[in-house]
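All values below were derived from every heavy atom in this structure, side-chain atoms included, with hydrogens, water molecules and symmetry-related copies excluded. The model shown is predicted, which means the values in this text are computed figures rather than measured ones. Note on naming: letters A, B, ... go to the chains in the order of the sequence lines (proteins, then strands), and numbering restarts at 1 for each one.
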Amino acid sequence: MSGETEAFVPLTPGEVRSYTCGPTVYDFAHIGNFRTFVFQDVMRRYLKSKGFRVIQVMNLTDVDDRIIQKSAAAGVSIREYTDKYIQAFLDDRRALNLEPPEYIARATEHIDDMVKLIQRLTAKGFTYTSEGSTYYRIAKFPAYGKLSKIDVAGMQTGARVDMDRYDKDNARDFALWKAPKPGEHFWETPIGPGRPGWHIECAAMALMYLGDTLDIHSGGVDLTFPHHENEIAESEAATGKQFVRYWLHAEHLLVDHEKMSKSMGNFATLRELFSHGHKPSSIRFLLASVPYRRQLNFSPEGLQGAASSVERLRNFVLRLRTEKFPEGISPTMAERAATAKDEFDRGLADDLNTAQALAAIFDLVREANTAMDRGEFRQGDAAAVLEALETFDAIFAVLRDDDAEKLRSLGIEPASASLSDAEVETLVADRQAARKRRDFAESDRLRDKLAERGVILEDSRDGGVRWKRK
RNA sequence: GGCGCGGUCGCCAAGUGGUAAGGCAAAGGUCUGCAAAACCUUUAUCGGCGGUUCGAUCCCGCCCCGCGCCUCCA
């Protein structure tokens, strides 16, 4: 609200009540949308790692003009129409390793709550009706504009204000409840037949699940105005209390330096990226690696770079797990692991500076690799370093989960799909035997054969070999 | 026009009043039977102009450029 970074102090110690503006389920979500959802996931994972009990509510807007229009055009019910996209959205979330919120609230299942909230506002004189619709009278709420810092008075006469087909007292007033147009689906309620306005759903559901004052409310920057401003107007007028303690808005994902959006047609869905062979971990890493308040220009090169970064991290973990180091521990390494964890945390603690946090991890990776190459790394250090990596992955969640099973279910056919672990082991053993005979022609033939199936071999100094799937 | 975000190495991106993290990419090298992986080396004076200061990329002013919101939008 202040527009500045502030120390986070939840209303109830140890507990974070958080509301997330979810998608309008009229179509598949695109990765611009997921930029925000990944940010919210990083935030909730970080808060949890700091010991907070997180209660996150995410809404699904499953009724609006587009949905009404499209479902009618498709000749199916709103429910049926939105079910499909809700399912797809939840699948996409799983693919990206987004933790499920504690509550997922569907707008059409909370019509009663919205009606009650509107009635409360009416009782306090914040509403008026016109042609069967109910509107919010912003003139009654002097604080209007405090979040987006919009000067309402100055806007009213502007050329670009709503040329509305509705009859409102003031162009800035917004609909709480919309009267049905002929043939449209509607709900019969005490305030008349119709359907909810957009903002009332979030206000009603947030208050219902989380109480009058929530700790965190987050969403994309484009929601700041009018959506969040209107939510404030609705809820604070009704409760008389502060609605949200901390607002966090994620910046946009850009494509060729323009906002990715459905209307621009410059969007990509996750399933499209998957079908081009991109892994969920690459996408998640890319979206998470740029701090949320920075615009992120999306490009295939960037995605490739993210994939390489994840690869480097995974190679490192593989090395930690498979290489044999001299017994004992080296005090300096244990210390390095500890400071890396501290630095990682320091980055995140500063308004979720993921870029800074990442640097701490990569520093550790390089230094540990160097120690290994020099023979200064000890077996006892592996645990400490792995622990630091786990701290990292508790937030970034990119180290696992690109297993063949998962990729296949996402429509990515791994090159190595046709080879089982046992088959790989057999071929690897054959090659080792060939190497022992110094039959390098045969050895290389087997290695190439494995490579064709997406299996990469790494020989180690001690004559051993480890393998991984591409 | 109002409000907001940003302009740092080829790309992505931290950061601090005292001469600039990290990742990706590129080139050369080390290791290796060859690879792979890893490591080492090389690549920036921080949009422009003024000002404050012993000293500014970081503070102030002006200017230029990009993006967004102000209408549905993560």
Side-chain angles (χ1 to χ4, degrees), chain A residues 3 20-24 26 29-40 61 64-66 145 148-152 154-155 158-164 171-172 198 218-227 229 249-254 257-264 285-286 289-291 293-299 301-313 315-316 318-319 323 343 347 350 353-363 365-374 435 438-441 443-444 447-448 451 456-461 465-468:
Chain A
T20 294
C21 277
T24 302
Y26 69 104
H30 58 69
I31 53 168
N33 300 317
F34 281 107
R35 200 266 165 111
T36 299
F37 298 129
V38 167
F39 140 66
Q40 287 160 338
T61 301
D64 83 329
D65 289 333
R66 286 166 300 187
S148 53
K149 299 177 177 61
I150 277 177
D151 179 3
V152 192
M155 302 296 293
R160 295 198 56 206
V161 173
D162 277 356
M163 25 216 156
D164 219 318
R172 285 278 155 204
W198 176 32
S218 61
V221 273
D222 49 358
L223 296 184
T224 311
F225 187 90
H227 188 51
E229 200 66 71
H249 290 109
E251 258 298 349
H252 287 306
L253 187 73
L254 309 181
H257 306 287
E258 287 192 328
K259 175 183 172 181
M260 175 179 284
S261 70
K262 279 280 156 58
S263 49
M264 297 288 278
F285 185 91
L286 177 64
S289 63
V290 176
R293 290 204 295 140
R294 238 185 124 95
Q295 294 175 339
L296 194 172
N297 196 39
F298 180 82
S299 68
E301 296 74 29
L303 198 50
Q304 188 47 52
S308 300
S309 298
V310 172
E311 187 68 19
R312 175 169 164 82
L313 261 13
N315 284 335
F316 179 64
L318 184 68
R319 186 176 190 187
E323 199 160 310
E343 287 295 301
D350 181 13
N353 190 334
T354 47
Q356 198 182 81
L358 235 27
I361 293 305
F362 279 105
D363 278 338
V365 170
R366 178 172 24 76
E367 286 168 32
N369 268 323
T370 302
M372 291 175 189
D373 286 357
R374 288 185 184 156
R435 285 182 78 205
R438 301 194 67 80
D439 181 355
F440 295 123
S443 162
D444 289 350
R447 185 169 64 194
D448 290 346
I456 309 295
L457 302 187
E458 294 178 8
D459 298 330
S460 58
R461 249 192 274 240
V465 61
R466 60 169 172 254
W467 60 272
K468 64 186 180 187

Subject >> Sequence-distant partners of A:Ser218, side-chain hydrogen bond (donor to acceptor under 3.5 Å, both in side chains), two or more places apart >> reply: A:Gln40
Subject >> Toward the 5' end of RNA chain B, by each residue's nearest nucleotide, A:Glu258 or A:Asn33 >> reply: A:Glu258
Subject >> For A:Arg294, all residues meeting salt bridge (charged side-chain N to carboxylate O under 4.0 Å, His left out), sequence neighbours excluded >> reply: none
Original post:
Using purine N1 to pyrimidine N3 plus N6-O4 or O6-N4 for Watson-Crick, or N1-O2 and O6-N3 for G-U wobble, both under 3.5 Å, which nucleotide pairs with B:C46?
Top reply: none
Original post:
Does the side chain of A:Asn353 get closer than 4.0 angstrom to OP1 or OP2 of B:G15 through an N or O atom?
Top reply: yes
**OP:** Please work out if A:Gly302 contacts a base, only the sugar-phosphate, or nothing of the nucleic acid, heavy-atom cut-off 4.0 Å.
**Re:** nothing
**OP:** May I ask which nucleotide in the shown strands pairs with B:U41, Watson-Crick or G-U wobble, both distances under 3.5 Å?
**Re:** B:A27
Original post:
Partner of B:A21 by Watson-Crick or G-U wobble geometry, both contacts under 3.5 Å, or none?
Top reply: none
Original post:
Do the side chains of A:Phe34 and A:Leu253 get nearer than 4.5 Å, heavy atoms only?
Top reply: no
Subject >> Nearest-Å distance once atom P is located in both B:G50 and B:U42 >> reply: 34 Å
**OP:** Please determine if a side-chain N or O atom of A:Arg172 lies less than 4.0 Å away from the OP1 or OP2 oxygen of B:U71.
**Re:** yes
Subject >> Any residue meeting side-chain hydrogen bond (donor to acceptor under 3.5 Å, both in side chains) with A:Ser308, in chain and number order, not counting sequence neighbours >> reply: none
Original post:
For B:C58, which nucleotide in any strand shown is its Watson-Crick or wobble partner with both distances under 3.5 Å?
Top reply: none
**OP:** Kindly write out the residues that satisfy salt bridge (charged side-chain N to carboxylate O under 4.0 Å, His left out) with A:Arg447, not counting sequence neighbours, or none if the list is empty.
**Re:** A:Asp444
Subject >> Complementary nucleotide for B:U52 - Watson-Crick or wobble, under 3.5 Å >> reply: none
Original post:
What distance, rounded to whole Å, do you find between the two P atoms, one in B:G28 and one in B:G33?
Top reply: 22 Å
Original post:
Could you give the CD-to-P distance, from A:Glu343 to B:G15, as a whole number of Å?
Top reply: 12 Å
Original post:
By side-chain hydrogen bond (donor to acceptor under 3.5 Å, both in side chains), which residues pair with A:Ser148, not counting sequence neighbours?
Top reply: A:Glu229
Original post:
So what does A:Met260 touch, heavy atoms closer than 4.0 Å: a base, only the sugar-phosphate, or nothing?
Top reply: base
**OP:** Take atom CZ of A:Phe34 and atom P of B:A74, then tell me their distance rounded to the nearest Å.
**Re:** 11 Å
Original post:
Contact class for A:Leu253 (heavy atom, under 4.0 Å): base, sugar-phosphate, or nothing?
Top reply: base
**OP:** Using the P atom on both, measure B:A21 against B:G29 and round to a whole Å.
**Re:** 27 Å
Subject >> Whole-Å distance separating the CG atom of A:Asp373 from the C1' atom of B:C39 >> reply: 5 Å
So which protein N/O to nucleotides 6-8 of chain B N/O distances come out below 3.5 Å?
none

**OP:** Please identify each residue that fulfils salt bridge (charged side-chain N to carboxylate O under 4.0 Å, His left out) with A:Asp350, with sequence neighbours left out.
**Re:** none
Original post:
Can you tell me how far P of B:C72 sits from NE2 of A:His227, to the nearest Å?
Top reply: 11 Å
Original post:
Residues two or more places apart in sequence or in another chain: which of them pass salt bridge (charged side-chain N to carboxylate O under 4.0 Å, His left out) with A:Glu458?
Top reply: A:Arg466, A:Lys468
Subject >> Nucleic acid footprint by protein, nucleotides 22-35 of chain B - heavy-atom cut-off 4.0 Å, B for base, S for sugar-phosphate alone >> reply: SSSS-----S-BBB
Original post:
Looking only at atom P, what distance separates B:A20 and B:A35, rounded to whole Å?
Top reply: 37 Å
Subject >> Separation between the P atoms of B:C39 and B:C64, rounded to whole Å >> reply: 46 Å
**OP:** For B:G18 and B:C58, measure between their P atoms and round to the nearest Å.
**Re:** 12 Å
Original post:
Does B:C3 have a Watson-Crick or wobble partner in any strand here, with both distances under 3.5 angstrom, and which is it?
Top reply: B:G68
Original post:
Can you find a heavy atom in the side chain of A:Arg35 that is under 4.5 Å from one in the side chain of A:Gln295?
Top reply: no
**OP:** Could you tell me which non-hydrogen atom of A:His30 sits nearest to which non-hydrogen atom of A:Ser261, and how far apart they are?
**Re:** NE2-CA, 3.9 Å
**OP:** Specify the separation, in whole Å, of atom CG of A:Leu254 and atom C1' of B:A74.
**Re:** 13 Å
Original post:
If we take the C1' atom in both B:U32 and B:C67, what is their distance in whole Å?
Top reply: 49 Å
**OP:** Answer yes or no: is there a side-chain heavy-atom contact under 4.5 Å between A:Leu223 and A:Cys21?
**Re:** yes
Subject >> Rounded interatomic separation in angstrom, taking CE from A:Met372 and P from B:C40 >> reply: 13 Å
**OP:** Answer yes or no: does a side-chain N or O of A:Lys259 lie under 4.0 Å from OP1 or OP2 of B:C69?
**Re:** yes
**OP:** Considering only atom P, compute the distance from B:U57 to B:C9 and round it to an integer number of Å.
**Re:** 15 Å
**OP:** Can you tell me the distance, in whole Å, between the CD atom of A:Glu229 and the P atom of B:C72?
**Re:** 14 Å
Original post:
Does A:Asn369 make a side-chain N or O approach to OP1 or OP2 of B:C39 shorter than 4.0 Å?
Top reply: yes
Original post:
How long is the span from the CG atom in A:Leu358 to the CG atom in A:Leu313, to the nearest 0.5 Å?
Top reply: 7.5 Å
Original post:
Can you tell me how far P of B:C39 sits from CD of A:Glu323, to the nearest Å?
Top reply: 12 Å
Subject >> Side chain of A:His257 - closest among B:A38, B:G66, B:A14 >> reply: B:G66
